[in-house]
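The basis for the numbers below is simple: all heavy atoms, side chains too, and nothing from hydrogens, waters or symmetry mates.
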2 protein chains.
Amino acid sequence: MDPGRPQVTLQMLADRLGLHISTVSRALHAKPDEGRRAASSATIARIRKLADELGYRPNPHATSLRTQRSNLVGVLVPRLSDLVLATMYEGIEEAASEVGLSTFVTNTRDVPEVQRSHTEMVLARRVDGMIFGDAYVDGGFLDEIAARGVPFILVSRRAAGHTSVTCDDYLGGRLAAEHLLGLGHRHLAVIAGEPYASTGIDRTAGFVDRCAEEGVTVPAERIVHSAFDAPGGRRATETLLASTNRRGGPAPSAVFAVNDFAAIGAMGALRDHGRRVGSDVAVVGFNDTSLAAELPVPLTSVRSPMHQMGRRGLQLLNQLIAGQAAESERLTPVLTVRASSDPAAG
Amino acid sequence: MDPGRPQVTLQMLADRLGLHISTVSRALHAKPDEGRRAASSATIARIRKLADELGYRPNPHATSLRTQRSNLVGVLVPRLSDLVLATMYEGIEEAASEVGLSTFVTNTRDVPEVQRSHTEMVLARRVDGMIFGDAYVDGGFLDEIAARGVPFILVSRRAAGHTSVTCDDYLGGRLAAEHLLGLGHRHLAVIAGEPYASTGIDRTAGFVDRCAEEGVTVPAERIVHSAFDAPGGRRATETLLASTNRRGGPAPSAVFAVNDFAAIGAMGALRDHGRRVGSDVAVVGFNDTSLAAELPVPLTSVRSPMHQMGRRGLQLLNQLIAGQAAESERLTPVLTVRASSDPAAG
DNA sequence: CTGAAAGCGCTTACAG
DNA sequence: CTGAAAGCGCTTACAG
């Protein structure tokens, strides 16, 4: 905060102009239309000119202290190294700068104690509101935060009783099922993600329900929880294949992973077991991250509007901060078919 | 900043205890050893007890205003959706919270005007220092920032005249070359990254130099610049293959991509052209991101200590802020061999 | 050992 | 149209 040359203050501007600091402050805040109340237009022009020349930037700590508004937003995500969350955060940041807010992000690794402690740190910084990208579906912790009167919005994952911006994950699961059923698959498996995340829960539910409508059952042992990353997808797939070997019966001809990275891990594991993705076994992922199209076997994936989710999340939070209401939103996913499920798709 | 229930202030603590606010402040800051000067130990105990009970958290805006220190650090990265930068940022955040600093991150997409404007925004927030993960190798912009007296450290990329924490990229390039030469490859190509990033420049230089030592020349048209992502790697590979077709002569038997994502794009393109990665053509990446090992054809990669780079970067910045000197560091990379270059590696 | 005062840089009713 | 004052919540020499 002491970057070499001393910062320009209102007082310095006032001294040089022979005006009172309060006049300078008013002039700098005057909207073009309501300019008449602040100062004469000539004075306003002089003040603004000098402020520009000296590069005046209001000290945000002083402003925050005085106005009781920090224009700061705290963002919690499981991990920024997850492309899904990073992309969502880019949307949040973009929307924040459009409305003059700054954001703190922090990684909680989905660990409840870390969620707690980082929330306290963020609140200690006197943010105006928060965005949670790491909600547990039960929402117990969030109930406490809400009770403290902190405005917040959930993104990516929903939780009972709180406002969220999510992908319509249930629909996304249905789209995946429809696609695979249409290709004639009847022996299906799901790599379902973490049990506490609504994303995995809803995508799995949509998938299973749509299958049931077609008279196809996805047996419980074919639905395996997993971390939302490549190693997680690999492990889940090993579990899946091992249980098939143990029980006998037909191996799954198609695998739906609720996340692209888990899908990539699944592709690796399937290949290790001599099964060729796209021809021997179909794989469908979720999110349509930028990697999906570029893989050696391009990955069929349900695209979720991650960037947009971040943007809307911030905009809703901004409404809340302004004292307006905000309602949950579900954005529509789109299926993109590629060679991992349909060799004809190139 | 108005989360429902009013925040506890020093004044509230002082009133309840019948003490002066300055006494409360001193007591709360007293180190256990130098406690005698602050207040009697009985008083200190009373004060701390009440502070704990009421959950007192100092208002950081007031503290910053008074102390002229914000304990805030600004971090600029090209994009957080690049796993390399995201992992580095996790290291920065971790180290920051260990020393009581908070961080702002922002994406500049390697666009100079965005770097400028975001730097100004960050500085307007009165940060105590900055970390740049998006340095251009020429360092012109950074010279200006340095001239303004802002303490900062570069991570990932170096730039002439500024302190940086990088991977020893030159050595990394040499390791990649040594590996491929040892496998008998003589027709080599490089996907070299962006021309303004020292990472790509140094990795390429190390690779080319090591080849030269073995009497192997990497022709200029076999060194292709690229974006640091999968689409970039795919495009660069297409360029490479097209130029080979045009000129005739042997196609490259091995490709070194200065980034794992570019390598993934390269693998996709090679496969599209009917070349099997691992057997027909070797591919080596850089960074050893968590995806490398999980790909259908696991990727040989030079591991760079991304997390550690972030940690050290913040620690050096903290030294600078404390008025101490800081010297550039280069962390050592390690080659991990996998099937993309050596089928025997499984 | 504790209190009183000044001041960090700003905003905002209130005068005049 | 402009000025003067109060105060946001804290820290820190300085008294006593």
Side-chain angles (χ1 to χ4, degrees), chain A residues 1-3 6-31 34-48 51 54-72 100 123-126 128, chain B residues 1-3 6-31 34-48 51 54-72 100 123-126 128:
Chain A
M1 198 144 115
D2 178 20
Q7 300 276 351
V8 180
T9 65
L10 283 185
Q11 190 59 256
M12 293 169 60
L13 295 178
D15 288 351
R16 294 229 201 179
L17 293 163
L19 288 168
H20 189 96
I21 174 182
S22 63
T23 306
V24 177
S25 176
R26 257 180 279 119
L28 257 17
H29 282 90
K31 302 278 185 306
E34 41 151 344
R36 34 237 69 170
R37 309 255 136 263
S40 74
S41 49
T43 306
I44 291 184
R46 280 176 66 216
I47 292 172
R48 295 217 164 136
L54 301 188
Y56 171 72
R57 301 298 212 134
N59 183 317
H61 303 114
T63 304
S64 297
L65 188 58
R66 181 57 232 250
T67 62
Q68 303 288 72
R69 277 261 320 207
S70 63
N71 294 315
L72 249 28
L123 257 20
R125 276 277 170 194
R126 303 300 198 270
D128 291 333
Chain B
M1 196 142 119
D2 177 19
Q7 300 276 350
V8 181
T9 65
L10 284 185
Q11 191 59 256
M12 293 170 60
L13 296 179
D15 288 350
R16 296 228 200 179
L17 293 163
L19 288 168
H20 188 94
I21 175 183
S22 63
T23 306
V24 177
S25 177
R26 258 179 278 119
L28 256 17
H29 282 88
K31 303 279 185 307
E34 42 152 342
R36 36 237 67 174
R37 310 253 136 263
S40 76
S41 50
T43 307
I44 291 184
R46 279 175 65 217
I47 292 172
R48 296 217 164 134
L54 300 188
Y56 170 73
R57 301 300 212 133
N59 183 317
H61 303 114
T63 303
S64 298
L65 189 57
R66 181 56 235 246
T67 62
Q68 303 287 71
R69 276 262 321 204
S70 62
N71 292 317
L72 246 29
L123 257 19
R125 276 277 172 196
R126 303 299 198 272
D128 290 333

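- Between the CG atom of Leu10(A) and the C1' atom of dG9(C) there is a distance of 7 Å, rounded to whole Å.
- dA4(C) makes up no base pair with any nucleotide shown, lacking Watson-Crick or G-U wobble contacts both under 3.5 Å.
- Side-chain atoms of Asn59(A) lie closest to dG9(C) of the nucleotides dG3(D), dG9(D), dG9(C).
- Going from atom CG of Asn59(A) over to atom CZ of Arg125(B) covers 10.0 Å, rounded to the nearest 0.5 Å.
- For the pair Ile47(B) and Arg26(B), the minimum side-chain heavy-atom distance is 4.5 Å or more.
- Spacing between atom CD of Gln7(A) and atom P of dG7(C) amounts to 21 Å, rounded to whole angstrom units.
- Closest approach to the Leu65(A) side chain among dC8(D), dC10(C), dC10(D) is made by dC8(D) (side chain taken as heavy atoms from C-beta onward).
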Side chains of residues 10-20 of chain B: which donor-acceptor pairs under 3.5 Å do they make with residues two or more places apart or in other chains?
none

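- Atom CG in Leu28(A) sits roughly 16 Å away from atom P in dG9(C) (whole-Å rounding).
- The shortest distance between the side-chain N/O atoms of Tyr56(A) and the OP1/OP2 oxygens of dG9(C) is not below 4.0 Å.
- The distance between atom CG of Leu19(B) and atom P of dC1(C), rounded to the nearest whole Å, is 14 Å.
- Per the geometry, CE belonging to Met12(A) stands 10 Å off P belonging to dC10(C), to the nearest Å.
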Distances for protein N/O vs nucleotides 12-16 of chain D N/O pairs under 3.5 angstrom?
unit_1, atom_1, unit_2, atom_2, d
dT12(D), O4', Arg66(B), NH2, 3.4

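- Checking the phosphate oxygens (OP1, OP2) of dG9(C), a side-chain nitrogen or oxygen of Gln68(B) falls inside 4.0 Å.
- Side-chain nitrogen and oxygen atoms of Thr43(A) include at least one within less than 4.0 Å of the OP1 or OP2 phosphate oxygen of dT2(D).
- Distance check, rounded to the nearest 0.5 Å: CG of Leu54(A) to CD of Gln7(A) gives 12.0 Å.
- Remark: C1' of dG3(D) and CG of Asp15(A) are 14 Å apart, rounded to the nearest angstrom.
- Residue Leu17(B) contributes atom CG, which lies 16 Å from atom C1' of dC1(C) at whole-angstrom precision.
- Under the 4.5 Å side-chain criterion, counting only non-hydrogen atoms from C-beta, Arg57(B) is in contact with Arg126(A).
- Across all strands shown, nothing is found opposite dA13(C) as a Watson-Crick or G-U wobble partner with both distances under 3.5 Å.
- If you take NE2 on His29(B) and CD1 on Ile44(B), they are separated by 12.5 Å, rounding to the nearest 0.5 Å.
- The minimum heavy-atom distance between Ala51(B) and Leu28(B), with the atom names listed, is CB-CD1, 4.2 Å.
- Following rounding to the nearest Å, Arg126(B) (CZ) and dC8(C) (C1') show an atom-to-atom distance of 12 Å.
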